[in-house]
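Accompanying notes for the structure given below.
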Protein chains: 2
Amino acid sequence: MAQARQPHDLLAASSVRPSPHWPDAAKALYGPARMSAQRALIAEEVMAFPGAFTAEDLHRTVGRRAEGVGLATVYRALAAMQEAGAIASVGERDGSALLARCGRDDHHHHLVCTTCGTVVGVECPLDHAALAAATREGHLVTSHEITLYGVCAVCRDQKDAG
Amino acid sequence: MAQARQPHDLLAASSVRPSPHWPDAAKALYGPARMSAQRALIAEEVMAFPGAFTAEDLHRTVGRRAEGVGLATVYRALAAMQEAGAIASVGERDGSALLARCGRDDHHHHLVCTTCGTVVGVECPLDHAALAAATREGHLVTSHEITLYGVCAVCRDQKDAG
DNA sequence: TGATAAGTGAGAAGCGTTCTCACTTTCTGT
DNA sequence: ACAGAAAGTGAGAACGCTTCTCACTTATCA
């Protein structure tokens, strides 16, 4: 029992070739960090998510394709992706951090769909005139955190249709 | 030993009379919830804080005036105040929730001073025209979370002076 | 004043996240 | 192609914040 730990099982589960030939799409998520079969698989699952997810969510979906991928490994992979700017923290749900794939590197924020969990990037909706009011009172605003919640276009359509 | 638990010690520490005569200012923070010597003391310390604080911060300052006030009591008091709308969660610091006294009941947000921790209420700086862009793409924005970070007027003055 | 519902303190428990350790794997330089 | 260094891995322990539990005390209202 517990024959476990056979990386080739993982490789078989993903559409991946051995050693230095990791899929570019997966590799891109990690920036300069080193790759592994586990990370390739995790990257695929991250890209498969339509919207925001928690570490636990991801660990579960990865677990469906390969057993024995540790939760710590998922956390480490997520940290690497965040470092590389491939994913972003977009809030929290029930005490767990909500993450989402995010290719944009311009200044923007996220709209989290409360129906399906999808995350949409949106322009910064700050009114600089309104911000000036704070400046007028003597304060200096250097940064901000914004998360929008609502219903995404797809869910609105379904609601209208159904 | 452990004579402990003598509410009158707590009463002596705060400027508070027995039983039904709690200071209105303190009582107001809890809304309809029941009062106690501990809660009166906690309320005083909350009002004494110039800005944002963590549960731990509060427990420490309360501990300076009266021993034996449990951490759980502080958390319960904070929950009651939040329920009553007297304080608000304004972000987090090192994994702990940041809370701040907040009398306003209109729609507004908070500017957290990164120098001194003071929290200032500010008008909602959302640009409704910019928000309309999201609507144009089919999304419906129902709510939002905004926290501004920067330097408050007092700290700016000190910086200019010093 | 007495009944009862709520608050309290101490510590256990819960939960998400990070760390540790021994081991495996990738990657770089030759 | 290969050896060695550096980084990743899995399992579970540890951690920090927060909540819960339990027996007891206290405020509040009839």
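This is a predicted model, so every value here is computed, not measured. Order of the sequence lines fixes the chain letters, A, B, ..., with proteins taken first and strands second; residue numbering starts at 1 for each chain.
- Taking the charged nitrogens against the carboxylate oxygens, A:Glu123 and A:Arg104 do have a contact shorter than 4.0 Å, which makes a salt bridge.
- Between B:Ala86 and B:Arg101, the shortest heavy-atom contact is O-NH1, 3.3 Å.
- In this structure, A:Glu67 atom CD and D:dA11 atom C1' are separated by 15 Å, rounded to whole Å.
- In this structure, B:Ala33 reaches the sugar-phosphate backbone alone: every heavy-atom distance under 4.0 Å involves primed, P, OP1 or OP2 atoms, never a base.
- Contact between the side-chain N/O atoms of A:Gln38 and the OP1/OP2 oxygens of C:dT24 is not found at any separation under 4.0 Å.
- Nucleotide D:dA11 holds its P atom 8 Å from the NE2 atom of A:His59, rounded to whole Å.
- For the pair A:Leu78 CG and D:dG8 P, the interatomic distance rounds to 14 Å; values are reported in whole Å.
- An OP1 or OP2 oxygen of C:dG9 is reached within less than 4.0 angstrom by no side-chain nitrogen or oxygen of B:Arg76.
- Proximity note for B:Thr73 (side chain, C-beta onward) versus D:dT9, C:dT8, D:dT28: the nearest is C:dT8.
- Put simply, the side chain of A:Arg34 and the base of C:dT26 share a donor and an acceptor less than 3.5 Å apart.
- Residues B:Glu83 and B:Arg76 are not paired through a salt bridge, judged by the lack of any N-O separation under 4.0 Å between the basic side chain and the carboxylate.
- Within the structure, a side-chain polar atom (N or O) of A:Ser36 is placed less than 4.0 Å from OP1 or OP2 of D:dT9.
- In this entry the distance linking OH of A:Tyr30 with P of D:dA7 reads 17 Å, nearest Å.
- In terms of position along DNA chain D, the nucleotide closest to B:Leu71 lies nearer the 5' end than the nucleotide closest to the other residue of the pair B:Leu71 and B:Met35.
- Within the 4.0 Å cut-off from OP1 or OP2 of C:dC27, at least one side-chain nitrogen or oxygen of A:Trp22 is found.
- The distance from atom CG of B:Leu58 to atom P of D:dT18 is 12 Å, rounded to the nearest whole Å.
- When the nucleotides C:dG7, C:dG9, D:dT9 are ranked by their closest atom to the side chain of A:Arg39, D:dT9 comes out on top.
- The distance between atom OH of A:Tyr75 and atom P of C:dG16, rounded to the nearest whole Å, is 7 Å.
- If you measure from atom CZ of A:Arg60 to atom P of C:dG16, you get 11 Å, rounded to the nearest angstrom.
- Using bins of under 30°, 30° to 60° and over 60° for the plane-to-plane angle, the ring pair B:His144/B:His109 lands in the tilted bin.
- Rounded to an integer number of Å, the gap from A:Glu92 CD to C:dC15 C1' is 12 Å.
- The residues B:Arg60 and B:Asp57 are annotated as salt-bridged, a charged nitrogen and a carboxylate oxygen being separated by less than 4.0 angstrom.
- Side-chain proximity of A:Ala72 to D:dG12, C:dT17, C:dT8: nearest is D:dG12.
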